[in-house]
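What follows is one structure encoded as structure tokens, with my remarks underneath.
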Amino acid sequence: MAEIFKNIPEIKYEGKNTKNPLAFRYYDADRVIMGKKMSEHLPFAMAWWHNLCAAGTDMFGRDTADKSFGAEKGTMEHAKAKVDAGFEFMQKLGIKYFCFHDVDIVPEAEDINETNRRLDEITDYILEKMRGTDIKCLWGTANMFSNPRFMNGAGSTNSVDVYCFAAAQIKKALELTVKLGGKGYVFWGGREGYETLLNTDVKFEQENIANLMRMAVEYGRSIGFTGDFYIEPKPKEPMKHQYDFDAATAIGFLRQYGLDKDFKMNIEANHATLAGHTFRHELRISAINGMLGSIDANQGDYLLGWDTDEFPYDVYESTMCMYEVLKAGGLTGGFNFDAKNRRPSNTYEDMFHAYILGMDTFALGLIKAAELIEDGELDAFVEKKYESFKSELGQRIRSGNTTLDELATRAQQMGTCPTPDSGRQEYLESIINRALFS
Ligand code: XUL
Ligand code: CO
């Protein structure tokens, strides 16, 4: 088959001083950090939709990039050309995983039966491609937000017919995920939310979403899907109020409806910042609840209020992310670049530059986070901060063996309360700078 990305070589690690734009400066797949290879710490994935489908169309203008890959768009030839392009792209970068929505891999037909036939055909082709490589599927999902039938939601729709179409798409996407050996299955509830309470029954909608997820778990397990289901929280866009606002909200929802054993979080950096949180906060909340599953690795723009899905370049953020991931013992999923080139970065070369940037940003973050953990000063500070709870009384408070009366009596005996020790925030921030810039 003809090479698509001509003039782009296999991307190799050349070290931090290289000026070669088509080389890694930090991502050295076999380098061992804290006992594991970089490639094992960082299972990177290509997002089918941004990399192979999105071509720069925005609300004000049409495509700037050519993603036809030599075939006519909207045909099965084009769908296959995207598979060829995707595999060549991943192989040249050493990326071992991909993520997909059903409608990313084939053009959707009018009739769902024809769409399903196309999905069977293309996944046979993808499987064939996978056989000659060590590339695998990280996760699959159903796009239940683009088609007009989902304008009032998918699981949250007012229409039983639409609800059945959502079920059919999930069923098929689960079958395809299993067929491709996918490790996870994602629910990002694009239209699961509302614009106004004047026409919305929130309780009704949330119960229906939970039921759809329950049926997905039952069906997935019945066809041999042993991986994790993920919720990908996002607070807004496209809906004004999204039900999966952030990790804490999504975890509460899963527990309320008894779905917490089968689901984890897929945390996206840009969604975290839209929710008014740091990326790191969302990772920590997921981790302490045993629900840190996978990551959509991208970056937002603090000056813009929407999901800009930029390739991550901020090493401070990637260091903080990797600090959380290392502390949590790694991910069961991976790092999916849910990111797109800026509209004027419209060449094939730009696609490679973007992934090199993202992979290097996380590799450098991993190196710096490991340094911070091995240095131990931050951990030691946090440990010391809570040391008063190591006392006999502190231990009893921790294990729930005190009463309000006992504690109040002690406070009254003391009369005045000593001020706790300083939080030392500025000094601790200087430790991060020391690791990043020394
Ligand atoms: C949308 C988003 C999605 C999900 C998958 O903001 O992040 O692409 O990752 O549906
Ligand atoms: Co995402």
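No hydrogens, no waters, no symmetry mates; every other heavy atom, side chains included, goes into these values. Just follow the structure's listing: the first ligand is 1, and inside any ligand the first atom is 1.
Looking at M322 and T319, their side chains never come closer than 4.5 Å, going by heavy atoms from C-beta outward. At least one side-chain heavy atom of M130 sits under 4.5 Å from a side-chain heavy atom of L127. Contact of the M213 side chain with the F229 side chain is not registered, since no non-hydrogen atoms from C-beta on lie closer than 4.5 Å. Using a 4.5 Å cut-off on side-chain heavy atoms (C-beta onward), T141 and F187 make no contact.
In this model, a donor atom of one side chain and an acceptor atom of the other lie less than 3.5 Å apart for N298 and D309. In the model, N113 has a side-chain atom that pairs as donor or acceptor with a side-chain atom of D111 under 3.5 Å.
Figure legend: K80 and Y125 shown as a cation-pi pair, the cationic atom lying under 6.0 angstrom from the six-membered ring centre and within 45 degrees of its axis.
Residue contact check: D296 has heavy atoms under 4.0 Å from atoms 9 (O) of ligand 1. Close contacts of ligand 1 with D307, meaning ligand atoms under 4.0 Å from a residue heavy atom, involve 6 (O).
Vertex the Co ion (ligand 2), arms ending at OE2 of E232 and OE1 of E268: the angle is 90° after rounding to 10 degrees.
The Co ion (ligand 2) sits nearest to atom OD2 when only the N, O or S atoms of D338 are considered.
Of the N or O atoms in D338, one or more lie within a sub-3.5 Å distance of an N or O in ligand 1. No N or O atom of W139 sits closer than 3.5 Å to an N or O atom of ligand 1.
With hydrogens left out, the protein atom closest to atom 10 (O) of ligand 1 is H101 NE2, 2.7 Å, a heavy atom.
Heavy-atom distances between H271 and ligand 1 reach below 4.0 Å in at least one pair.
Among the atoms of D296, an N, O or S atom falls under 2.8 Å of the Co ion (ligand 2).
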